[in-house]
*Asks:* 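Right, I'll just put the structure down here and ask away after.
Counting convention: from 1, in listed order, for ligands and their atoms alike. Heavy-atom basis, side chains included; hydrogens, waters and symmetry copies ignored.
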Amino acid sequence: MDIFTAIRERRSVREFEKKEIPDEAVRKLIDALLWAPSAGNLQSRKFYFVKDLPAKQKLAGAAFGQGFVASAPLVVVACADTEWVARKYGERGRELYCIVDAACSVMCLMLSAHGLGLGSVWVGAFNESEVAKVLGLPASLKPVALVPVGYPLMTPSPPKRVPTDEAIVFV
Ligand SMILES: Cc1cc2nc3c(=O)[nH]c(=O)nc-3n(C[C@H](O)[C@H](O)[C@H](O)COP(=O)(O)O)c2cc1C
């Protein structure tokens with residue numbers, strides 16, 4: 001699949017088949033996470049691959065009961081490493097760069113998942129301290145996104161985008 005098709009056709013998937021993701025596909029997802037750009041190439045991010053059902057159920061609870069989180073065979077939790085980046089970039093690193101680093105990885109993950117015939121969705125509505133508790137995160141790791149990944153049971157039709165002239169300013 002070419003990159004433009006992947007960008008246009010990826011959708012947020014919230015219903016998954018009860019089917020495991022093959023190891024080879026998981027390795028490709030890991031590659032996608034790791035090869036994303038990052039500020040100063042510090043890669044101030046860490047990813048938890050959650051397959052354990054009780055842990056996924058707790059994550060769904062932390063995401064205010066978004067039950068589909070637990071229904072995916074894999075939930076990737078992307079975290080920003082706030083302290084590692086701050087050593088070089090101070091407040092800007094802590095408040096912005098590490099979160100953007102994690103976001104870049106998540107976007108690469110989601111596009112790669114789509115290219116592999118998998119579906120995913122960015123889940124950003126969750127209680128941070130509850131997620132941190134479920135995963136036993138150190139204080140330096142801030143969870144940025146929960147990303148359920150699996151084979152799509154249903155792919156929604158594309159939601160509208162704003163008109164180009166509302167979003168883009170040519171100067
Ligand atoms: C920062 C962020 C937070 C989001 N949080 C949630 C969420 O908590 N639950 C959910 O179902 N979708 C969530 N989404 C997915 C959006 O609803 C979805 O991307 C948007 O409706 C556009 O649909 P599309 O991804 O199919 O193009 C989030 C997306 C982003 C980028």
*Asks:* Which residue pairs pass the salt bridge (charged side-chain N to carboxylate O under 4.0 Å, His left out) test with at least one member in residues 9-21, sequence neighbours excluded?
*Replies:*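 Residue pairs passing salt bridge (charged side-chain N to carboxylate O under 4.0 Å, His left out), neighbours aside: E20-K51.
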*Asks:* Tell me if a side-chain donor or acceptor on K56 pairs with a main-chain N or O of S71 at a distance below 3.5 Å.
*Replies:*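 Checked: no pair found.
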*Asks:* State yes or no: do L118 and L34 share one hydrophobic cluster built from I, L, V, M, F, W and Y residues joined by side-chain heavy-atom distances below 4.5 Å, directly or via other members?
*Replies:*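 Yes, L118 and L34 fall within the same hydrophobic cluster.
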*Asks:* Mind checking salt bridge (Lys or Arg N to Asp or Glu O under 4.0 Å) for E166 and listing every partner two or more places apart, or none if nothing turns up?
*Replies:*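 So E166 forms no salt bridge (Lys or Arg N to Asp or Glu O under 4.0 Å) with any residue.
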*Asks:* Considering residues at least two apart in sequence or located in another chain, which fulfil the side chain to side chain donor-acceptor pair (under 3.5 Å) criterion with Q66?
*Replies:*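 Q66 satisfies side chain to side chain donor-acceptor pair (under 3.5 Å) with no other residue.
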*Asks:* Does the distance from a Lys or Arg side-chain N to an Asp or Glu carboxylate O, for K133 and E130, drop under 4.0 Å?
*Replies:*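 Salt bridge: no.
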*Asks:* Distance under 4.0 Å, heavy atoms only, partner ligand 1: which residues pass?
*Replies:*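 Ligand 1 is contacted, at a heavy-atom distance under 4.0 Å, by R10, R11, S12, R14, Q66, F68, V121, W122, V123, G124, A125, P159, R161.
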